[in-house]
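A, B, ... follow the sequence lines: proteins, then strands. Residue 1 opens every chain. The basis for the numbers below is simple: all heavy atoms, side chains too, and nothing from hydrogens, waters or symmetry mates.
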Amino acid sequence: MKKGTEQEEQGAPLAAGLHAWYAENHRVLPWRGITDAYRIWISEIILQQTRVVQGFEYYNRFISRFPDVRSLAAADDDEVMKLWQGLGYYSRARNLLTAARQVVERFGGEFPTTYEGIRSLQGIGDYTAAAVASFAYGLPHAVVDGNVYRVLSRIYGIDTPIDTTEGRKLFAALADELLDRKDPGGYNQALMEFGALYCVPRSPQCGRCIFADRCMALATHRVEELPVKQGKTVVKPRYFNYFYVRQGGDTWIRRREGRDIWRNLYELPLIETDEEQGLDDLQRSGIWAELFHDAGQVGVSSQVYSCKHVLSHRIIHARFYMVETEFAPDMTGYMKIPVERLGDYAVSRLTESFLEKLSMNYPSLF
DNA sequence: AAGTCGGGGTG
DNA sequence: CACCCAGACTT
């Protein structure tokens, strides 16, 4: 109570300017101006570490296929992965399904209406819980995302690294203190939109910034230095050798399991090596023998496609070969499917590129 | 606290 | 090329 009174007397320092700026400058998006917690939730998950333009069509497809939480809870895992194909961070899709089922089981199919209830769902952390709680229900929880870190670190000249426990606590407390408790949802959206459109990472629009008169970073010429991050991303190489196996109109794929990259996506038979390997070395490997020991004559093409698949923390050196076998190999762990069914399965962008290349160069194989 | 998980845009 | 994007989870 005391805090609320204090804030009313002082006025939330950023709120007035942000609301006015937002009214003039915001983008119109399908997940804005609605109070359906389900749709807001879906949009927030899709937009995690993802730009609006990249997630836009995924959101539309997802909502038209799964318009409410019960339809999603009843969904087939593979169909959800297929809808998510190409978007990245695939654990989001798996968690989405888990959370939808949690809503049905624990909340009777009604999306939870408290911050704690929302936060308890799989895949929802502090940010997403605050976003849904404030947007859908007007609850007073401040969002802290990449935009908020940037805007606040600059206006207040804070150089505490944002990827440390100390930094996260500091910015969470500041964001909470600054929150406009009369319109938490509108304020949160405005702050993030301002970070996304004006206070951008490089070459921000300081010349027309509504906070130019009070921005510490601008005054001290440190705008481009803030926010500070301490962690540096180390990119490790991996070597993937894929085999497009053909026999009598069939091919073989499997679903990736474990905690590795692309979990729950499908892929062609793979031999991963810890360094660059030629085809002859691969053919001498134990995995090759395991794959093709009962396949009769095995004909292998030279590399049909090779590329470096660049991710934020990995660079995957990939090579694809085409293999034709005399008999259907009994490849343990892989499943046989008709070639024309390949498109039904969710695959990584890497495999997608290969299949696209293949259909361009060898249309007869499809 | 540090590592892991994708893919694409930007200057 | 480095950095970042409506982050969350595991170890």
Quick one: closest heavy-atom pair of [X] and [Y], and the distance?
X        : Y        : answer
A:Asp159 : A:Arg222 : OD2-NH1, 3.5 Å
A:Pro204 : A:Val223 : CG-CG1, 3.5 Å
A:Gly167 : A:Thr160 : CA-CG2, 3.8 Å

[atom1] of [X] versus [atom2] of [N]: gap in Å, rounded?
X        : N      : atom1 : atom2 : value
A:His309 : B:dC5  : NE2   : C1'   : 12 Å
A:Arg202 : B:dT10 : CZ    : C1'   : 10 Å
A:Leu96  : B:dC5  : CG    : C1'   : 16 Å
A:Tyr58  : B:dG7  : OH    : P     : 9 Å
A:Met81  : B:dC5  : CE    : P     : 14 Å
A:Ile261 : B:dG7  : CD1   : P     : 6 Å
A:Arg256 : B:dT4  : CZ    : P     : 15 Å
A:Leu311 : B:dT4  : CG    : P     : 13 Å

Using a cut-off of strictly less than 4.0 Å, decide whether [X] has a side-chain nitrogen or oxygen near OP1 or OP2 of [N].
X        : N     : value
A:Lys236 : B:dT4 : yes
A:Tyr90  : B:dG7 : yes
A:Trp84  : B:dG6 : no
A:His313 : B:dT4 : no

For A:Asn25, side chain to side chain contact (heavy atoms under 4.5 Å, CB included) partners two or more places apart: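 Side chain to side chain contact (heavy atoms under 4.5 Å, CB included) check on A:Asn25 returns A:Trp21, A:Tyr198.
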Nearest-nucleotide comparison on DNA chain B, the residue closer to the 5′ end among A:Val310 and A:Asp163: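 Result: A:Asp163.
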Closest-nucleotide ordering on DNA chain B, the 5'-leading residue of A:Val347 and A:Thr164: A:Thr164
Rounded P spacing from C:dA6 to B:dG3 in Å: 25 Å
P gap between C:dC9 and B:dG8, integer Å: 24 Å
Donor-acceptor side-chain pairing of A:Thr98 and A:Asn95 below 3.5 angstrom: no
A:Ser203 side chain, from C-beta outward: closest of B:dG11, B:dG8, B:dG6: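 Looking only at side-chain atoms, A:Ser203 lies closest to B:dG11.
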Listed nucleotide nearest any side-chain atom of A:Gln230, set B:dG8, B:dA2, B:dT4: B:dA2
Protein-to-nucleotide contact annotation, 5' to 3' order, nucleotides 6-11 of chain C [B base; S sugar-phosphate only; - none; under 4.0 Å, heavy atom]: BBSSSS
Any donor-acceptor N/O pair, A:Ser43 side chain to A:Ile40 backbone, under 3.5 Å: yes
A:Arg61 charged N/C atom sitting above A:Tyr58 aromatic ring, 6.0 Å / 45°: yes
Ring centroid separation A:Trp31 to A:Tyr59 under 6.0 Å: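 Yes, ring centres under 6.0 Å apart.
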